[in-house]
S.K.: 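Dropping a structure here in structure tokens format, bear with me for questions.
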Amino acid sequence: MAGSESTTGRSGTRSSPAAVKILVAGGFGVGKTTMVGSVSEIDPLRTEEPLTEVGLDVDDLVGVEEKRATTVALDFGRITVSDDLVLYLFGTPGQQRFWFMWNDLALGALGAVVLIDVRRPRSSFAAIDFFESRGIPFVTAVNGFYGEHPYPVEDVREALALPAGVPVLLCDARERSSCRNVLVALIDQLISATRVGGSSGA
């Protein structure tokens, strides 16, 4: 993986850990802000604004009628996965009127987590298409609202028409350990992809 050099230099002194940029994406109200806030070891940066009546004709609130605020730019957090790896997390805005920001947020990103709400699976199709079309590796994480996962992984994979190489994970965006497991699975996928790419180019 790019930037994942050893943490010990030739002089024996410890070097800085590799920094990896990861996006947390998905549709409106799937739990992106919650996930970044749950797993971040620093106080997360949030750019949330209250939903207003002005946006009622623009924003699709079906299934998330209780939502009172929305991300208008990004969420930002950080998590140290190991002594030699730090992840910088960028949560994307979910509403369609803010999707133009995704291209800028994706610059330099090595991978992504696409959060899924099985109550509204179509809300995450755009995120899946975005990363597939740009060749950015990603995992899908089914956010279990109220701690429930009513559908097995293979049913979710079929409903989203995901290729076999894209992991489907179950998570709870409110739980730090659950979100961390999703990120570790993504890192494992990135490492595997790097090894395969290196072997094919040998």
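Throughout, residue positions are numbered sequentially from 1 according to the sequence presented. Quick caveat, the model's predicted, so the values are computed rather than measured.
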S.K.: Any heavy-atom pair between the side chains of S124 and I116 that's under 4.5 Å?
M.R.: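 With C-beta onward as the side chain, the pair touches.
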S.K.: Within the 4.5 Å heavy-atom criterion, are L170 and V156 side-chain neighbours or not?
M.R.: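 L170 does not reach V156 side chain to side chain.
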S.K.: About how many Å separate NZ of K21 and OH of Y88, when rounded to the nearest 0.5 Å?
M.R.: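 Reported value, rounded in 0.5 Å steps: 12.5 Å.
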S.K.: Determine, stepwise, if the pair E175 / S38 fulfils side chain to side chain donor-acceptor pair (under 3.5 Å).
M.R.: CA-CA 6 Å; E175 297 292 335; S38 295; over 6 Å; no
S.K.: Would you please say whether a donor-acceptor pair under 3.5 Å links the side chains of N143 and R174?
M.R.: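 No, no side-chain donor-acceptor pair sits under 3.5 Å.
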S.K.: If you compare all heavy atoms of L190 against all heavy atoms of G111, which two are closest, and at what distance to 0.1 Å?
M.R.: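 Nearest heavy atoms, L190 then G111: CD2-CA, 4.3 Å.
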S.K.: Cation-pi check, R134 to F130: give yes when NZ or CZ is under 6.0 Å from the six-membered ring centre and within 45° of the ring axis, no otherwise.
M.R.: yes
S.K.: Which atom pair, heavy atoms only, marks the closest approach of I22 to L87?
M.R.: CG1-CD2, 4.3 Å
S.K.: With rounding to the nearest 0.5 Å, note down the distance linking OG1 in T33 to CG in L74.
M.R.: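 Result: 9.5 Å between the selected atoms.
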S.K.: Give me the atom names and distance for the closest heavy-atom approach of I79 to R180.
M.R.: CD1-CG, 3.9 Å
S.K.: Measuring only between side-chain heavy atoms, which start at C-beta, is D75 closer than 4.5 Å to V24?
M.R.: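 D75 vs V24: side chains apart.
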S.K.: Is there side-chain contact between P93 and L105, with heavy atoms separated by less than 4.5 Å?
M.R.: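 Answer yes - side chains close enough.
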S.K.: Check each of N181, V139, L169 against L186 using the side-chain contact (heavy atoms from CB on, under 4.5 Å) test, and report the only one that passes.
M.R.: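 It is V139; the other options fail the test.
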S.K.: To the nearest 0.5 Å, what is the distance between OG on S16 and CG on D84?
M.R.: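 If we round to the nearest 0.5 Å, S16:OG and D84:CG are 11.5 Å apart.
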S.K.: Working to the nearest 0.5 angstrom, can you tell me the gap between C179 SG and L89 CG?
M.R.: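 Between atom SG of C179 and atom CG of L89 there are 9.5 Å.
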S.K.: Would you call V36 and F90 a side-chain contact if the rule is heavy atoms closer than 4.5 Å?
M.R.: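 V36 does not reach F90 side chain to side chain.
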S.K.: What are the two closest heavy atoms between P167 and Q189, and how far apart are they?
M.R.: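 Result for this residue pair: CD-NE2, 3.5 Å.
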S.K.: List the atom of A159, the atom of F125, and the distance in Å for their closest heavy-atom pair.
M.R.: O-CZ, 4.0 Å
S.K.: Contact between I187 and L110 at the side-chain level, heavy atoms closer than 4.5 Å - yes or no?
M.R.: no
